[in-house]
Amino acid sequence: MKRYFTWPRAVAAAVLLFGLFAWAVPKVTAGMYRDDLQRALENGLGRKVEIGQVRFRIVPTPGFAINDVRIGEDSTIGAEPAAYVDTLVARPSLIALLGGKLAVGSVRLEDNNGSGISLNLTRVDNGPVGVRWNFTMLAAKATGVGGLGANSKQTTTVGSFPAIHMSGGRINFKFGDTKSIYYLLDTDVDLSPSSIPNGPLKIRVGGQPARTDRSSHGFGSFVAKGQWNPSDHSLELDVKLEKSELSDVMSLFDNGGSKLLGNVWGDAHLAGPMSKIGITGRLNVSDLHGWNQLPPGGNVWPFNIGGTLDVPDQRMELQATGAGKQSPIGVNYRVTDYLGRPRWAATVSLDGVPVAPLSGIARNLGIAIPPDLILDGTAQGTVGYSTSGSSTDHPGMDGQIRVSNATLAAQGAPPLKINRADIAFIGSSVVLSPTSIVNDAGESAAIDGNYDTASGEMKLSLTSSGMSIASLRRQVSVAGAPLIGLATAGVWSGSLRYANSGGWTGDIHLKDTDIPFEAFAQPIHVVEADATIDDAGAVLKKISLTVGNIAATGEYRYETGAAHPHRFRISLPATDAADLEAMLTPALRRAGLLVYAFNFGRVPEPGWLTNMRAEGVIQAAALTVAGMPLKNLRTNVAWDGTDVTLSGLTARVADAPFNGSAVIHLAGRQPRYELTGTLANFPWQGGTLTAVAALKTSGIGADLLSNLRADGSFTGRKLEIGTVSPWDSVEGKFDFAIANATPRLRLSSLTVQSAGTKWTGAAETQESGQTVVKIADGARHMEASGALLRGEALKPVQ
């Protein structure tokens, strides 16, 4: 026998019937019960309610789906509706239905069409009547102890107020007819009334505080659970602040926004009447860092918090102490009118707080403190910080902190001791009173400063009657102090002043000071110098210095913004060119064979050389070049990157004046030299020579001679060179070079006047080193040879 009933067929038929029922019921019931539901909602909420289309639905939850709902406000509060709801799903009360009445047991506020859910939490000040919130009136209605309005004598029935559930809505805060800039975004709300008179109203709220004048995002996230007790008008609430970005939470009440980043989270318990709700809880802060820094990780700062909240007067007072048996830090925080124009104040009390962690916090905030710089000691005092509530007024400060028994240490430098430092907070200024810094030798410097938080202006003063630079160099290098920050050893005295609007200024004296310079193989040792620093640059006068075996005196000036910011005037005593070359080795010879090979013949140019822009004057009493002394040397120097130009070059060679110019090219592996000039009346062979020459060479040391090339013209007078008669005059052109370690001289266009006879010819140095001269007067021919380059006389060739 064929079976028509099976379980799969039965289930399929049931599902089909349920689907048809779920589809058909809303169609059939559209418009039904509309008036009854509107009256039930108004009775339950104690407000006028405007509704749109009404349909009974089966899925996703059974109930009446009501579109476009507006819940009116109490007339004593305002005219704007208390709520705008896209879709309100009302579920009838079963107990009321059994009694033959239609009442709403619960409502769910939904956003099905994208128009959103918006609730207004409104506060009004009714003068003698006092401050009233529409929430307290709604809560009174929910617990069956209030009326519909301020003057209403109507009582309510317990159980008529529905349970309210909202997901993803928005709660606006209003003061009369004016909306606050603060609101709650993405808010979930559950209100569950009690079934007995004066029973508690269960509350659960979760959301994100936000501001209308900022982009649409929340400033942190919280969840609050508890109840409102109508019997004594008290509140019990457990609040949990989810782990949130610290800058968001601080920016909620800070018009300027916060650049301090990190994490903050915690929990609190609130209990008491609305005018004095007690607060206890815990708060944690971690990963403090600046906006341009990476989170450091770890470093959790736990605090215990306590205080009170006055909801009608919008006043909150909190106290925070570090978690532990006896906290050395305490914070008092007070905020008023927190939903309107917040005015807040905080007072921080320190009692023996270690300052060592402050260096790490400062680094996390982006302050350029070297990792090896360590500050310890203890801090004690109180600082207050408050706002006026105006966006144009800068927060003010008041108080003083004393740091005692502090040590400022850095790797490779002896520690500096600070016995006491007083820091005052006045208005927008942070003021450091004159503070003594002492090194291990008992030398001291005094420092004081002022920082204005409103304008960002900072001023600093540093004074000493004599202190080792090494003991302070690492510390002052952080602040970019001129000269002292560059020096590695020595003693300084005088005073320096700093303002971030104009930089460093002051007058100091340097003694036995070493200053590294990239172009020199050894540091510049300043025996003594006076320095003046201003906004235009720096001037060093009365300089006495040494570099290796070279001693010098002179002046130096640095001119900010000049084409050649480095300007100098240097005087040298008797000096050997070999010592100068050794001093300038980093500039003259910058690459070894391997570097040269791996860069395919190109030599990397260091940044200091590429950026070098200097000009000045160098003079030397005597400069010995390859055994030849040049006396009274003077030249103008212009150093532009890889080219050094010497102009106005003058000297005396064996009492003969030399005038010329030169260029030194530093772009290659070895330096290249180009020199042009005139040597006049040089004494030689009983007479004088005058030569105009162009000289080229390259390399360093012995290579300078082996690579030498020169050419030019010459004239001579009264030369006794070993011929029959002295040469009354001689002129011609010359080429000079060194080949196979032998100097080669070639004379062309040679013209000799001797004993009234004019001779012409040429001369050339042979491999033997002998210079052969061949001249003729038209009828006679003369040939002679001799080591002229070694000063020997010519001998006739037979």
Side-chain angles (χ1 to χ4, degrees), residues 25-93 96-97 101-122 133-135 137-142 148-149 156-157 159-174 177 179 183-193 201 203-205 207:
V25 166
K27 303 292 185 181
V28 174
T29 61
M32 297 176 63
Y33 307 106
R34 184 179 187 281
D35 294 339
D36 292 337
L37 279 173
Q38 184 174 6
R39 284 192 297 270
L41 286 171
E42 289 179 345
N43 180 61
L45 298 173
R47 299 286 192 276
K48 288 292 185 180
V49 179
E50 298 179 12
I51 63 175
Q53 188 179 36
V54 178
R55 294 182 180 182
F56 184 76
R57 72 178 190 185
I58 302 298
V59 291
T61 57
F64 292 96
I66 309 172
N67 296 334
D68 301 327
V69 178
R70 291 190 178 188
I71 302 173
E73 186 60 271
D74 188 281
S75 60
T76 62
I77 299 294
E80 184 183 7
Y84 300 85
V85 184
D86 176 23
T87 302
L88 184 150
V89 179
R91 301 182 64 182
S93 170
L97 287 176
K101 296 181 180 180
L102 178 61
V104 178
S106 67
V107 296
R108 178 174 295 278
L109 313 183
E110 298 179 353
D111 181 12
N112 294 330
N113 299 319
S115 57
I117 308 168
S118 178
L119 303 177
N120 293 327
L121 191 58
T122 307
W133 287 84
N134 62 350
F135 170 78
M137 300 172 65
L138 194 68
K141 169 66 178 175
L148 298 177
T156 58
T157 304
S160 63
F161 188 89
I164 299 177
H165 309 283
M166 178 179 76
S167 177
R170 168 172 173 157
I171 296 181
N172 303 306
F173 297 98
K174 291 183 58 181
D177 295 329
K179 281 188 178 180
Y183 66 98
L184 295 181
L185 177 70
D186 196 17
T187 308
D188 297 338
V189 175
D190 291 307
L191 297 179
S192 301
L201 175 65
I203 302 171
R204 184 189 181 279
V205 180

Do Phe161 and Leu45 have side-chain heavy atoms sitting under 4.5 Å apart? yes

Interatomic distance, CG@Leu121 vs CZ@Phe173, rounded to 0.5 Å, equals 5.5 Å

Just by distance, do the side chain of Gln53 and the backbone of Asn67 share a donor-acceptor pair under 3.5 Å? no

Write down the atom of Pro92, the atom of Phe64, and the distance for their closest heavy-atom approach. CG-CE1, 3.6 Å

Sub-4.5 Å side-chain heavy-atom contact between Ile171 and Val189: yes

Looking only at heavy atoms, which two atoms of Val104 and Ala40 are closest? And how far apart? CG2-CB, 3.8 Å

His165 and Asp190 have their tightest heavy-atom pair at ND1-OD1, 2.7 Å

Does a side-chain heavy-atom distance below 4.5 Å link Val107 with Val69? no

For the atom pair CG (Leu88) and CD1 (Ile66), what is the distance rounded to the nearest 0.5 Å? 5.0 Å

Any donor-acceptor N or O pair under 3.5 Å, side chains Asp74, Thr76: yes

On a heavy-atom basis, which atom in Gly116 and which in Asp111 lie closest, and how many Å separate them? N-OD1, 3.1 Å

Measure from the side-chain N and O atoms of Arg108 to the backbone N and O of Thr87, and report whether any donor-acceptor pair falls under 3.5 Å. no

Under the side-chain contact (heavy atoms from CB on, under 4.5 Å) test, which residues partner Asp188, sequence neighbours left out? Ser167, Arg204

Using side-chain heavy atoms (C-beta onward) and a distance below 4.5 Å, is Lys174 in contact with Glu73? no

As an exercise, state the distance from CD1 of Ile71 to CG of Leu109, rounded to the nearest 0.5 Å. 6.5 Å

Got a second to check how far Leu191's CG is from Ile203's CD1, nearest 0.5 Å? 6.5 Å

Counting N and O atoms only, with roles assigned by atom type, does the side chain of Asn120 sit under 3.5 Å from a partner on the main chain of Pro81, one being a donor and the other an acceptor? yes

I'd like to know if the side chain of Glu80 and the backbone of Asp177 have a donor-acceptor N/O pair within less than 3.5 Å. no

Specify the closest pair of heavy atoms between Met166 and Ile117, including all atoms of both residues, with the distance to one decimal. SD-CG2, 3.6 Å

Passing option when Arg39 is tested against Asn43, Asp36, Asp35 for side-chain hydrogen bond (donor to acceptor under 3.5 Å, both in side chains): Asp36

On a heavy-atom basis, the closest approach of Ala163 and Ser192 is CB-CA, 4.4 Å

